[in-house]
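Some notes on the structure that comes next.
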Amino acid sequence: MLQIPVLREQTELVIAGLEKRNFRDAAQQIQSILDLDQKRRSLQTERDELQSRANNLAKEIGGLMKSGQKEQAEQLKSETSDLKQRTKTLDEEVQQLESQLQEALYKIPNIPHESVPAGKSSEDNEVVLEHGAVPQLPENAQPHWELIKQYNIIDFELGIKITGAGFPVYKGKGARLQRALINFFLDEALKAGYDEVQPPILVNEASGIGTGQLPDKEGQMYHDAADNLYLIPTAEVPITNLYRDEIVSADKLPIKNVGYTPCFRREAGSWGADVRGLNRLHQFDKVEIVQIQTPENSYAALEEMSQHIQGLLQKLELPYRVLRLCGGDMGFTSALTYDMEVYSAAQGRWLEVSSVSNFETYQANRLKLRQRTEGGKPQLLHTLNGSALALPRIVAALLENNQTPEGIKLPKVLHSYSGFEMITK
RNA sequence: GGAGAGAUGGGUGAGUGGCUGAAACCAGCAGUUUGCUAAACUGCCGUACCUCUAAAGGGUACCGGGGGUUCGAAUCCCCCUCUCUCCGCCA
């Protein structure tokens, strides 16, 4: 969430940023937060002064009791009851204001970076670059949801039987391709200097709050009510929360982690025409890269992550483009997001396979993730993450773009990982 | 699932009502000593908020979380959460 001092000192910038997101009643909402903050501060000052007096009285009484001056002690005691009452009232008011403030702040999204284009929807995103040529397909080219049946590598019917829609079963070379891709992505991240972690895929409430999935978006996550745990929608959640409540010393930075996890999304209400096959699932695999960076270096790191992801797509020989998301399409917690989309030839569609974002201090403020600075106060760090990569749509594009009359050809880079070069009937 | 124990600062760990924001040790930082390393010695060494500010300073809160008793709570009482140990089960 945003920091109150920033709201106070850069009010105009904040409002302008929120308006770029088409955030409704930005000026009004910020003003009401500033009012709450103002009120809280003045009440707290008052409360602290009363408490200070009460503390002094308590000390005096202690002294009198010791020296046996009981009568004077009793007299002072009677003075404290009024103080106590007033302090208690103020205390309750301050607490109430604090929780109102907290609640209001949770509802304010991050401020977009200056390079974020204005815009309302995905149509307004800026195409930063396109790479690779659209492949020529044979005449009877099929979309991937047909190919997976023909080659018997991914089975949606079986998934429906054991779980439900959106939980496919990968079989034979389909399963081996998954494993190959995961290993390939992990190895590439290791080469790029990321440390591998394997986090839990169930997280508690505090973790969900830390990265911004809670309190507002619980409907997107599967929830285990018996234990109050959430299935992760992305490894971003457990990996970033590794550093929750940490004050990191500068020599440990930057932190670069990579992790493979399954991801779970309820995708409530989002089923429609564009979500056939592997395009949108309830469970899928993803390799995620996460960085904890100093404010000075975070945007350079974002570019570095973008390059890393593009490198993967190039090695997979997939045509892709990079989008800079507009204010209206960006995620709630992000300051700048690039989406990477591959061209899935048989569908004739661009498919999002990665999203890489700089959250600046927005998550760090919730996480209380800071660095120790010389001589000064601990300073909030910047968090970043990106998919590198999400598997299903990569698989969809690989299948569609590489279909030939003889079978589906895998890109060279995968051969040693998969143990086969071709998927045949 | 059953029984018990516990939760204190970066770590270990003392602390059963005021002298405890918290001993001691370790780690860390600065300095003295030193041919180098090591050792020894001295000092510093939590966080948040409020206030004030050029800086310093002052105030309040925090010993897992919440409530209570009391003039006064890390310390006493209640509730919750979590962790550990033993038993059971088990990849």
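Distance noted for atom C1' between B/G46 and B/A22: 11 Å (whole Å). Here the separation of B/A61 from B/G68, taken at their P atoms, is 16 Å to the nearest Å. When the P atom is compared between B/C79 and B/U20, the two are found 32 Å apart, to the nearest whole Å. B/C62 and B/U75 have their P atoms separated by 10 Å, given to the nearest Å. Taking atom P in both B/G64 and B/G59, the straight-line distance is 25 Å, to the nearest Å. Annotation: B/U12 and B/U33 have their P atoms spaced 36 Å apart (nearest Å). Only the P atoms considered, B/C80 is 14 Å distant from B/A3, to the nearest whole Å. B/G10 and B/A48 have their P atoms separated by 11 Å, with the value rounded to a whole Å.
Taking atom CD1 on A/Ile4 and atom C1' on B/A48, their separation rounds to 12 Å, with Å as the unit. Distance A/Asn228 CG to B/C82 C1': 13 Å, rounded to the nearest Å. Atom-to-atom, CD of A/Glu49 to C1' of B/U60 comes out at 10 Å; the value is rounded to the nearest Å. If you take CG of A/Asn204 and C1' of B/U83, they are 14 Å apart, rounded to a whole angstrom. Going from atom CG of A/Leu90 over to atom P of B/A61 covers 14 Å, rounded to whole Å. Between A/Leu83 atom CG and B/U60 atom C1' the separation is 14 Å, expressed in whole Å. Atom pair A/Gln44:CD and B/A48:C1' shows a separation of 10 Å (rounding to whole Å applied). Taking atom CG of residue A/Leu43 and atom P of nucleotide B/U51, one finds them 12 Å apart after rounding to whole Å.
Of all the residues in residues 34-42 of chain A, A/Arg40, A/Arg41 reach under 4.0 Å from RNA chain B with at least one non-hydrogen atom.
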**OP:** Convert the base pairs of RNA chain B into dot-bracket notation, remembering that pairs crossing earlier ones are written with [ ] and that bases paired across to another strand are shown as |; include only Watson-Crick or G-U pairs under 3.5 Å.
**Re:** ((((((((.[[[..)..(.....]]].(((((.......))))).((((((.....)))))).[[[[[..)....]]]]])))))))....

**OP:** Verify ring pair (Phe, Tyr, Trp, His ring centres under 6.0 Å) between A/His113 and A/Tyr299, making sure each step is shown before the conclusion.
**Re:** CA-CA 10 Å; A/His113 185 257; A/Tyr299 278 96; 4.3 Å; yes

**OP:** Apply side chain to side chain donor-acceptor pair (under 3.5 Å) to A/Thr87 and A/Gln51, showing your working.
**Re:** CA-CA 7 Å; A/Thr87 309; A/Gln51 187 61 253; 5.0 Å; no

**OP:** I would like to know whether A/Gln403 and A/Tyr151 meet side chain to side chain donor-acceptor pair (under 3.5 Å); could you show each step before the answer?
**Re:** CA-CA 11 Å; A/Gln403 56 185 309; A/Tyr151 292 94; over 6 Å; no

Subject >> From CA spacing to verdict: side chain to side chain donor-acceptor pair (under 3.5 Å), A/Asn110, A/Ser334 >> reply: CA-CA 6 Å; A/Asn110 203 354; A/Ser334 173; over 6 Å; no

**OP:** Treat primed atoms plus P, OP1 and OP2 as sugar-phosphate and everything else as base, then score nucleotides 65-77 of chain B 5' to 3': B for base contact with protein heavy atoms under 4.0 Å, S for sugar-phosphate contact only, - for none.
**Re:** ---S--BS-----

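The A/Gln51 side chain lies nearest to B/A61 when the options are B/U47, B/A61, B/C50. Nearest nucleotide to the A/Ser52 side chain, out of B/U60, B/C49, B/U47: B/U60.
Judged by distance alone, the side chain of A/Asp124 and the main-chain N or O of A/Ser121 form a donor-acceptor pair under 3.5 Å. Under a 3.5 Å cut-off, the side chain of A/Asn385 and the backbone N or O of A/Val290 do not form any donor-acceptor pair. A donor-acceptor contact shorter than 3.5 Å links the side chain of A/Glu400 to the backbone of A/His144.
Contacts of A/Arg370 with the nucleic acid, taken as non-hydrogen atoms under 4.0 Å apart, involve only primed sugar atoms and P, OP1 or OP2.
Note on A/Asp155 versus A/Lys171: salt bridge recorded, some NZ/NE/NH1/NH2 to OD/OE distance being below 4.0 Å. No salt bridge links A/Asp35 with A/Lys39; every basic N to acidic carboxylate O contact stays at or beyond 4.0 Å.
Relative ring orientation between A/Tyr222 and A/His282 is described as perpendicular, the plane-to-plane angle rising above 60° on a 0-90° scale split at 30° and 60°.
Two residues, A/Arg372 and A/Arg47, neighbour RNA chain B, and the one matched to the more 5' nucleotide by heavy-atom proximity is A/Arg372. Nearest-nucleotide positions on RNA chain B for A/Pro378 and A/Asn56 put A/Pro378 closer to the 5' end.
Under 3.5 Å, the side chains of A/Gln100 and A/Gln95 contain no donor-acceptor pair of N or O atoms.
Using a 4.5 Å heavy-atom threshold, the side chains of A/Leu391 and A/Ile182 count as touching. For the pair A/Ile108/A/Phe23, a side-chain contact is recorded, criterion being any heavy-atom separation below 4.5 Å from C-beta on.
Remark: A/Asn55 is in phosphate contact with B/A61, judged by side-chain N or O atoms under 4.0 Å from OP1 or OP2.
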